[in-house]
Amino acid sequence: RPPPHPKLPRRPQPRAVLHGGTFRQLLRGSVTLEGAGNEGAVERANDENIAELADNVARSAEVVGNPAALAECDAEFHVLVAKASQNRVLQLAREPAAQLFYPTTEMIVGRVAEGAPRLVEAHRHLLDAIKRRDREAGVLWTRRHLQDWRRGFEKIASLDRSVEHMYMEHAQAARRR
C-alpha cells in the first residue's frame, strides 16, 4: 500500500470510529450504502457476479439452522452485491459498517424464529431482481430486508446501545448456556 499523500489529513481508523456505534446508526448508514450497492448490482452485475450470489443463496438455505454460519453467509452476500455493483468506491465505503453486520445478524437469526427464513427469502428476491435487471424489485426487497433486520433487532435489543457491547453480552450469555 502506498504511503498516505502528505497533503491528506490523517483520519481515525474505521474500527475506532465504529466503536460504540449503535444499531440505529448502523441502519441509517446501511440504508444508503446497501441501497446504492443493490441498485448498482441490478444495473451492472455480470454472469460471474450472479453465479457467486446464487451459490451464496444456496449455501445460506443449507445453514438456516446455524446462526453463525448463516450470519457469515449474510455478510458475504452483501459483499458480493457490492462487488456486483462494479463500484470500488462503494465497496470501500461500506466495509467499516459491514463489520457490524455479522454480530447483529447472528443475534437476530439465533433468537428470532422467523429471522433466518426471512433473510434467505429476501436474498432470493434480491438475486432475482439482479438477474432480471428489475430496479423496482431491487429497491423494494432492499427496503423489506432492512426493515426485517431492524424489526428483528428491536425484538432482542435496543437500537440505541452499542452493537459491540450487546454482542459481547450475547456471546457471554451463549457461553453460559
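Because the structure is predicted, anything quoted here is derived from the model rather than measured.
When side chains are defined from C-beta on, Q147 counts as touching R151, because their heavy atoms get closer than 4.5 Å.
Between the side chain of N38 and the backbone N or O of E34, at least one donor-acceptor pair lies under 3.5 Å. Not one N or O on the side chain of E95 forms a donor-acceptor pair closer than 3.5 Å with the backbone of L92. Judged purely by atom type and a 3.5 angstrom limit, R44 has no side-chain atom pairing as donor or acceptor with the backbone of Q86. Without hydrogens or angle criteria, N56 side chain to C73 main chain gives a donor-acceptor distance under 3.5 Å.
Centroid-to-centroid, the aromatic rings of H145 and H123 come within less than 6.0 Å.
Using a 4.0 Å cut-off between a side-chain N of Lys or Arg and a carboxylate O of Asp or Glu, R133 and E43 do not qualify as a salt bridge. The residues R132 and D128 are annotated as salt-bridged, a charged nitrogen and a carboxylate oxygen being separated by less than 4.0 angstrom. Classification of R161 and E169 as a salt-bridged pair holds, one side-chain N sitting under 4.0 Å from a carboxylate O.
For A157, the side chain to side chain contact (heavy atoms under 4.5 Å, CB included) criterion is met by F153, M166, not counting sequence neighbours. Annotation: ring-ring contact (aromatic ring centres under 6.0 Å, His included) contacts of H170 (sequence neighbours excluded): Y167.
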N/O donor to acceptor pairs below 3.5 angstrom from side-chain atoms of residues 109-120, sequence neighbours left out:
from, atom 1, to, atom 2, distance (Å)
E114, OE2, K155, NZ, 2.4
R118, NE, D148, OD1, 3.3
R118, NE, D148, OD2, 3.0
R118, NH2, D148, OD1, 2.8
R118, NH2, D148, OD2, 3.2

Under 3.5 Å, side-chain donor or acceptor atoms of residues 61-71 against the rest of the protein: list the pairs with distances, not counting sequence neighbours.
from, atom 1, to, atom 2, distance (Å)
N66, OD1, A68, N, 3.3
N66, OD1, A69, N, 3.1

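Sorted by first and then second residue, the ring-ring contact (aromatic ring centres under 6.0 Å, His included) pairs with a member in residues 88-107 read H78-F101, F101-W149; sequence neighbours excluded.
I50 shares a hydrophobic cluster with V42, L53, V57, F77, L80, V81, L126, L127, I130, L140, W141; the chain of contacts runs through ILVMFWY side chains whose heavy atoms sit under 4.5 Å apart.
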